[in-house]
Structures are given as structure tokens and as C-alpha cells.
S.K.: 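Submitted below is the structure of interest, expressed as C-alpha cells.
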Protein chains: 2
Amino acid sequence: MSATSKGQNKREALVKATIKLVNNNGFHATPMSKIAKMAGISPGTIYLYFENKQNLINQVYIEVKASFSDFAFMDYEEHFSVEKGFEKIWKNIAVFKLKEVEEAMFLSQCDNTPMIDEPSRKEGLKHLQPLLDLWVRGQNEGIIKQVSPYMLYAFSIYPIAFLMNMQQRELYELSSTHVDEAYKMAWNSIKI
Amino acid sequence: MSATSKGQNKREALVKATIKLVNNNGFHATPMSKIAKMAGISPGTIYLYFENKQNLINQVYIEVKASFSDFAFMDYEEHFSVEKGFEKIWKNIAVFKLKEVEEAMFLSQCDNTPMIDEPSRKEGLKHLQPLLDLWVRGQNEGIIKQVSPYMLYAFSIYPIAFLMNMQQRELYELSSTHVDEAYKMAWNSIKI
DNA sequence: TACGTTAAAATGAACGTTCATTCATTTTTT
DNA sequence: AAAAAATGAATGAACGTTCATTTTAACGTA
């Protein structure tokens, strides 16, 4: 096995351990020593891959956000009709948030906490452009409400995070019927 | 001034300081010593009012959640029509989240973080019953969609938190026109 | 292949700092 | 003068980070 792929494995193990531990304990309540132990390496080794704890968190955030965005636009093509395109993206996001729960919960904690610094936050936001473009097209076609994209996001995408939270706390079980209901509500709130 | 009211002042100052510092730094990055300093008392004195740090946070959470709920149902009466009742509650919540930003941000951080223990979380959830009752009534009258209250909450109430976040980060300015737009979208998503 | 040599990767004990909490003492109130 | 409230220095545990040392990998030579 090459040195590179071994290094990748350790980095990957570190990222995974960070996500899991931060989900369960929060950022400042997860010591580097525990992250190292869960990743199966020694504490000092973390510093071969990341500058320090803050840098570790920022990097993990950016990577998870990127993998989320990739997932969101999987199989989406710009020539789709607005409605079909939105459905594809929305359902991708729903699948991600309901199946990749660890990663989704991590993002949710990062987005509601001062644990990520502002540059990394901005960095993580870049990838959503295709959805914004789709909405503008929809507005030009007279299909989508003429309101700010923040508003559209708040009412169609953001609710999925709440449902994920409830499902995670075992307060609510989301069957695929429920996901369809939810999609219809999302579309209802943004279509004219 | 009586001992009681003095004690109340100190407690209040502690609660306020905790909210502000936790908003800016997160729970575990806020030392008791800083909370004490901002409240204008000595670190040891905190322990006359709260058992320990965890208990302090739990109490603050429960109190802020209670004050949020009181605000939400201000001027609401059960004999209102479903639509009028929902509008009153929704707009109360919107006003709270957009004006009492410190408290709203604190709740948002608590609700997306493992910093609050489960019993306190449950405790904070109790006060929302009148809204659930209203929704059931609306469903019986054939006005509100026949879906789980979690779904109704996700699409009509939860989005306000996102708009608050954006406003707080100065990415978005919410005028009263926007609030009206938002209300219409909320109502649209839950009405039949 | 086997061996010796050098470089790279990984280790984990040790360091210095920070923090929650305590309690002997002081200050304030009754 | 007694009781209650408040103080803040002291304590001990925990943590992030470093670095002297060890382990592993890579390479050249015969």
C-alpha cells in the first residue's frame, strides 16, 4: 500500500471520528485525544494532517458541505424543466439528510453554532448556485414566487432539516409517503 | 431593596450574560469566570444560584423557552377562527425571532447542539400545545392539510428560524413587507 | 533477494494553560 | 451581634499542542 493511500485512510478516519464525536458531545467537549483514539492513531499524529483543532473542524465542515452539495445535484441537468429540476434537487437533499444522518447533523450543528469561522462558512455556501439559477429561471417563467432566494430556501429546503432532527430524536418516523407529502408542501410554498 | 429582589437581579444578570456569551462563543468556550464578570459578580457567587455549569445552561434554556412560548400565544384566544388564530401565533413568533434576536439565537443553538440534556429539552417542548390544538381543529374543519404536526411545524414555523439567521448574519434584511410575504408562504404550505 | 542506510511517518509522555468548583474569609444585611 | 450573602484565591483535573524518540517505509547495492 502506498504512503499516500495510507495517509488518506488516516485523514478519513480522523474526519469520520470528528463528525461522530462532535455530533454526540459538541465541539468543545470533544478532546483531540478522543478523536485520535477513535481514529486509531496517536494524538500527535493529528497535527501531521491538520494545523490545530480549529483548522480540523473547518476542514471537516468544508468537506462535508462539499459532499452534501455533490449529492444535491446528482443526476440533475440544467435543461430539466423547473418543476422536474426542483423535484430532483429537493429529493436528493431529502435522501441525503435522511440517510447520511451523521453528516447532516454535523452540518446542522455547524450552521447554528459559532464553532466554524466565517471564511469557512462562506466557502461552504458557494456550491448552491445551480439551485439559485433554477429559481431565477422559474421566476422568469412565471412559475416561482417573486421573493428572495433566502425566502424560497427557508420554506422549501430548510424544513427538511427539522424533519431530520425529529427523525433522529425518534420523535417522528419518516416513511417514503411522508417524504412525498413533504415534497408537495415544499413545492406548494414556492410555486405561484 | 429587599434581599429577594437583589437576588433576582443577580440571577437575571447571570441569565443575560450566559445568553450573550454562549451566542458568541458557544457553551464550552464560555468560562464561568467570564459569565460572572459580565454579570458583575464573582465566580463563586454563581454557585449560590445554580448547582453547576450544566444546570445553569439547562435553567436558562427552560426559562428562555418559556418566555418564547408566552410571547407566541400573546393575545391569542381559542375562539379565534383557525386562520386568524394561526396568523396571530405565527406573527407573534416572527416578531419574537426577529426582535428578541439574542434569545432566539440562543434557543436555536440549544436545539441543534448536545449542550442541553434530554429532560430539559422535553420540558421546553410542553408549551406548544395550543398551536397543536389549533391545527387539529383546522384539520377537522377541512382547512389544514392532513399531515403530522411535525410536518406542519417544519414548513410553517421552522422557516422563520432560517430567516432570523440570515438577518443576523446581515445576509438578508427582513422588512415588514417580507414578513407578510413569509406569512403567506407559511399559510400556503399548510392550508388545504 | 538480503542487507544497510536514509528519509518519512508516527508516537506518546511532558508542558503549560485554562477552567469548574470549593471554602475560608470578608462584607452586607437584619 | 448574629445571620446571610458574597468573595476570590486556591485546587486539581483536563486539555491542546509540542518534540525527542521510535517505528516504518523507501531505496541502493551486491
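Order of the sequence lines fixes the chain letters, A, B, ..., with proteins taken first and strands second; residue numbering starts at 1 for each chain. Side-chain atoms are counted along with the backbone in the values below, which use heavy atoms only and exclude waters and symmetry mates.
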S.K.: Between C1' on D/dG8 and NZ on B/K37, what's the gap in Å once rounded to a whole number?
M.R.: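 Going from B/K37 (NZ) to D/dG8 (C1'), I get 12 Å.
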S.K.: When you compare the protein's N or O atoms with those of nucleotides 15-17 of chain D, which come within less than 3.5 Å of each other, and at what distance?
M.R.:
residue: D/dG16; atom: OP1; partner: A/K53; partner atom: NZ; Å: 2.7
residue: D/dG16; atom: OP2; partner: A/M32; partner atom: N; Å: 2.7
residue: D/dT17; atom: OP2; partner: A/Y47; partner atom: OH; Å: 2.7
residue: D/dT17; atom: OP2; partner: A/K53; partner atom: N; Å: 3.0
residue: D/dT17; atom: O5'; partner: A/Y47; partner atom: OH; Å: 3.3

S.K.: Would you mind checking if B/K184 and B/E181 are paired as a salt bridge, meaning a charged N to carboxylate O distance below 4.0 Å?
M.R.: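 A salt bridge is absent here (no side-chain N lies under 4.0 Å from a carboxylate O).
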S.K.: Does B/S42 make a side-chain N or O approach to OP1 or OP2 of D/dA6 shorter than 4.0 Å?
M.R.: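 So the side-chain polar atoms of B/S42 never come under 4.0 Å of the phosphate oxygens OP1 or OP2 of D/dA6.
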S.K.: Is the number of heavy atoms from other residues, nucleotides or ligands within 6.0 Å of NZ (A/K16) greater than 12?
M.R.: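 Count not over threshold, so no.
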S.K.: Grab the CG-P distance between B/L56 and C/dC19 for me, whole Å please.
M.R.: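 Distance check: B/L56 CG to C/dC19 P gives 16 Å.
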S.K.: Taking atom NZ of A/K34 as the centre, report whether more than 12 heavy atoms of other residues, nucleotides or ligands fall under 6.0 Å from it.
M.R.: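 12 or below, so no.
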S.K.: Rounded to whole angstroms, how far apart are CD1 on B/I41 and P on C/dT21?
M.R.: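 Nearest whole value for this atom pair: 14 Å.
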S.K.: Salt bridge or not for B/D70 and B/K65, using N-O below 4.0 Å?
M.R.: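 Here B/D70 does not pair with B/K65 in a salt bridge, since their nearest N and O are not under 4.0 Å apart.
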S.K.: Do B/K88 and B/F80 meet the cation-pi criteria used here (NZ or CZ under 6.0 Å from the six-membered ring centre, within 45° of the axis)?
M.R.: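 Ring-cation test returns no.
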S.K.: Looking at every strand, decide which applies to B/I46 at a 4.0 Å heavy-atom threshold: base, sugar-phosphate, or nothing.
M.R.: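 The residue B/I46 makes no contact with any strand.
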S.K.: Take the protein atom CG of A/N25 and the nucleotide atom P of D/dA14, then report the distance between them rounded to whole Å.
M.R.: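 A/N25 atom CG is separated from D/dA14 atom P by 15 Å.
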S.K.: Check the phosphate of D/dA6 against B/Y49, side-chain N and O only, distance under 4.0 Å to OP1 or OP2. Yes or no?
M.R.: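 Checking D/dA6 against B/Y49, a side-chain N or O does come within under 4.0 Å of OP1 or OP2.
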S.K.: Atom CG of A/L48 and atom P of C/dT11: how far apart are they, to the nearest Å?
M.R.: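 Taking atom P of C/dT11 as the reference, CG of A/L48 is at 9 Å.
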S.K.: Would you mind checking if B/K97 and B/E100 are paired as a salt bridge, meaning a charged N to carboxylate O distance below 4.0 Å?
M.R.: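 A salt bridge is absent here (no side-chain N lies under 4.0 Å from a carboxylate O).
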